[in-house]
Amino acid sequence: MDPDPAEPAAVWRTLAAIRERVPLVHNITNVVVANVTANALLAIGASPAMVQAEEEVGEFARVADALVVNLGTVTAERAAAMRVAVAAAGEAGKPWVLDPVAVGAIGFRTRLAVELVRARPAAIRGNASEVLSLAGFGGAGRGVDSSAQSESARLAAGQLARDTGAAVAVTGPVDYITDGTRLISVGNGHPMMTRVTGIGCTATALLGACLGVQFDGMAASAHALVLIGIAGEIAAERARAPGSFQVALLDALYELDEATVLQRARIARR
Amino acid sequence: MDPDPAEPAAVWRTLAAIRERVPLVHNITNVVVANVTANALLAIGASPAMVQAEEEVGEFARVADALVVNLGTVTAERAAAMRVAVAAAGEAGKPWVLDPVAVGAIGFRTRLAVELVRARPAAIRGNASEVLSLAGFGGAGRGVDSSAQSESARLAAGQLARDTGAAVAVTGPVDYITDGTRLISVGNGHPMMTRVTGIGCTATALLGACLGVQFDGMAASAHALVLIGIAGEIAAERARAPGSFQVALLDALYELDEATVLQRARIARR
Amino acid sequence: MDPDPAEPAAVWRTLAAIRERVPLVHNITNVVVANVTANALLAIGASPAMVQAEEEVGEFARVADALVVNLGTVTAERAAAMRVAVAAAGEAGKPWVLDPVAVGAIGFRTRLAVELVRARPAAIRGNASEVLSLAGFGGAGRGVDSSAQSESARLAAGQLARDTGAAVAVTGPVDYITDGTRLISVGNGHPMMTRVTGIGCTATALLGACLGVQFDGMAASAHALVLIGIAGEIAAERARAPGSFQVALLDALYELDEATVLQRARIARR
């Protein structure tokens with residue numbers, strides 16, 4: 001574990017490690033964001049792979065440096081692949097992260113998420129509704145939008161972290177990350193990030209890249225959220241509408257350097 | 001129903017209602033356009049969801065404000081989900097729109113489309129080939145391109161509308177929308193829109209957003225086609241090649257305002 | 001066959017033929033690149049279709065001008081569709097190209113690729129690892145990245161070409177294309193092309209467009225690699241980061257003209 005993960009310098013060390021070691025990040029993800037998350041992982045310096053067949057994911061999860069399991073547009077076939085992959089990652093000692101997209105809004109995937117977390121993800125990232133639901137606090141979501149504020153989900157996140165052993169990240173205007181004991185907040189980001197599809201999914205994919213070089217789930221979660229938040233701020237300075245914002249966000253992820261990270265990171269222990 | 005849907009002011013009222021009420025639009029769509037249609041719905045002000053598993057779509061279609069069923073890259077699994085979803089939407093009184101991508105070119109999806117329209121969509125949007133085929137007038141398409149002019153499909157559209165109870169929109173250089181009695185034409189758009197994949201699918205997704213706030217299928221269809229047509233015109237003024245055009249189109253959808261809609265809308269009753 | 005395919009003028013003749021004849025290119029491809037490859041085919045002047053259901057692909061492969069089979073994110077269902085499609089293309093005398101994405105890294109798709117090549121593709125395009133694996137030379141890949149240099153795969157490519165009857169293209173800093181006897185090299189391209197997902201897949205899709213107008217697999221492969229390589233060079237002159245590079249690449253494909261092709265093509269017989 002990093003001596004103090006809630007330091008801008010620690011964020012930069014994680015990014016530098018990604019660029020140096022180019023972790024192979026295995027994503028079992030939804031059809032909406034497959035392209036943008038692969039591009040975001042390339043932009044940050046990681047190596048993405050999107051292997052999703054039940055016949056393939058076990059073999060692949062064992063060789064990848066981290067696994068990202070995203071429940072968006074899940075099907076029964078992909079759910080079966082997820083079960084195989086998280087088991088294989090667990091056996092191989094590889095970290096994995098869960099993005100419980102729209103959990104709470106639909107029974108099938110809520111049950112799937114509850115089942116998957118028993119396989120001990122290193123991290124879980126969701127919005128307030130998703131985290132409230134997964135922790136069993138109710139909080140029915142409306143699709144993938146968050147209908148509760150992230151602060152109100154902090155209690156649920158702590159409970160979920162203690163129940164699962166995962167670091168739990170609740171994203172919103174301010175992001176909170178907890179392991180059930182410690183709490184880190186991240187203040188980076190921009191409202192335009194809610195006007196482009198898949199930003200939350202991209203954050204989770206980048207979290208996978210951080211896990212590939214940084215085994216502490218708290219640090220990996222917080223650092224990923226700082227990095228995408230800074231990139232979002234820079235993109236919003238360059239673009240005023242979502243089409244060009246999406247392009248500028250990828251550019252900004254690629255161009256992140258030490259001075260920018262140290263100057264802009266808004267990360268604090270609470 | 002709007003007192004006169006063929007007025008620029010009515011188009012603006014629909015767009016303003018989308019931005020105010022943020023309708024949840026459930027899309028069961030193809031892998032090619034999942035990302036761009038979700039982003040277009042966000043850009044226009046709606047809330048997209050792309051739930052597609054047979055196990056999930058019934059529950060979700062009941063809570064969404066409108067459902068979009070797009071036959072592009074359909075599989076047997078997704079076809080099964082579409083059947084569940086349109087039945088659920090019907091039971092819940094939620095409007096849905098069908099995009100019969102490449103119907104006429106392939107037997108499997110032609111039969112599927114014929115079956116689905118019995119579940120009474122509020123609207124159907126296709127190119128001339130697709131509408132001719134679905135109306136039983138022949139007109140074999142060549143993939144997703146239109147091999148017949150939209151004007152020649154007007155008769156077929158009227159027949160299809162009377163047979164199904166749906167508003168039928170035939171898109172092309174000029175778009176025609178009919179309920180079997182009334183006829184509205186829309187003259188907005190730009191040839192560059194044929195050089196980017198998924199513009200027709202995006203029009204149908206926006207039609208879903210309009211249906212979420214506007215139950216008249218004629219009005220929803222015509223207004224969606226005006227809105228994407230204006231955005232296409234603005235994008236073509238800003239970009240001269242398809243990569244930058246696609247970005248500019250999303251930007252233009254996001255930036256549409258009342259003055260632009262009132263000034264540019266080319267909508268008329270015929 | 002072109003009198004001399006290793007001439008810039010021959011590249012231009014292929015591109016002009018695509019724009020004149022607008023070949024219908026049927027892609028059975030992965031969820032990551034479905035959108036960008038469809039857009040690249042439109043930008044170059046071809047007509048893309050992404051039909052992928054087992055129930056549909058046989059009928060469609062018979063009417064398309066060429067078929068592209070891409071193993072990325074393959075599933076058992078899509079593998080079944082690929083078997084049907086390559087058989088139908090063979091019966092109808094339509095050329096097809098195989099992109100053996102990540103073959104060597106995963107047993108399931110390595111076996112699938114070995115099976116598919118028996119159905120006699122006109123061309124195979126992969127990186128050095130993929131070609132080495134498919135030729136039975138070992139060379140385990142690490143995801144979709146190439147872990148061996150393309151020059152070292154030339155021997156394997158020649159063997160694979162003689163075994164399968166296909167033209168085999170090995171892409172890398174310099175691309176090599178062989179039919180087991182002749183050898184052509186292509187020097188176009190830019191390192192930024194490795195920082196955007198799906199460039200290799202896009203090259204294969206464009207190869208399908210070339211096959212739709214040019215039955216010589218060597219010429220189609222070499223010309224496709226020149227065209228995307230030139231577009232990549234132009235895009236890298238306009239954009240310095242991967243988000244804007246991806247946009248500029250589509251723009252450049254659309255804007256390619258005779259003077260640019262003749263001036264920039266780096267193609268040679270070896």
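Proteins get letters first, then strands, A, B, ... in listed order; numbering begins at 1 in each. Owing to the predicted nature of the structure, the values given are computational and were not obtained by experimental measurement.
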Problem set entry | A/E55 portion near chain C, given a 4.5 angstrom heavy-atom threshold | both
Problem set entry | Full working for side chain to side chain contact (heavy atoms under 4.5 Å, CB included) between A/W12 and A/L15 | CA-CA 5 Å; A/W12 169 249; A/L15 175 55; 3.7 Å; yes
Exercise. Between C/V31, C/V36, C/N35, C/T73, which has the largest tally of heavy atom pairs under 4.5 Å with chain A?
Worked result: C/T73
Exercise. Residue by residue, which of residues 243-256 of chain C have a heavy atom closer than 4.5 Å to a heavy atom belonging to chain A?
Worked result: C/G243, C/S244, C/Q246, C/V247
Exercise. Does a donor on one side chain and an acceptor on the other come within less than 3.5 Å for C/S221 and C/R125?
Worked result: no
Exercise. Among A/R78, A/E59, A/E56, A/E77, who wins on heavy-atom pairs under 4.5 Å with chain C?
Worked result: A/E56
Exercise. Can a salt bridge be assigned to the pair A/E237 and A/R264 using a cut-off of 4.0 Å between side-chain N and carboxylate O?
Worked result: yes
Problem set entry | Closest non-hydrogen atom pair, C/M82 against C/L112 | SD-CD2, 4.3 Å
Seminar exercise, completed: Closest non-hydrogen contact found for C/T197 with A/L42 is N-CD1, 3.3 Å
For this session: Report, as yes or no, whether the 6.0 Å neighbourhood of atom CZ on C/R240 holds more than 12 heavy atoms from other residues, nucleotides or ligands.
Result: no
Problem set entry | Over all atoms of both residues, closest heavy-atom pair of A/L206 and A/A40 | CD2-O, 3.8 Å
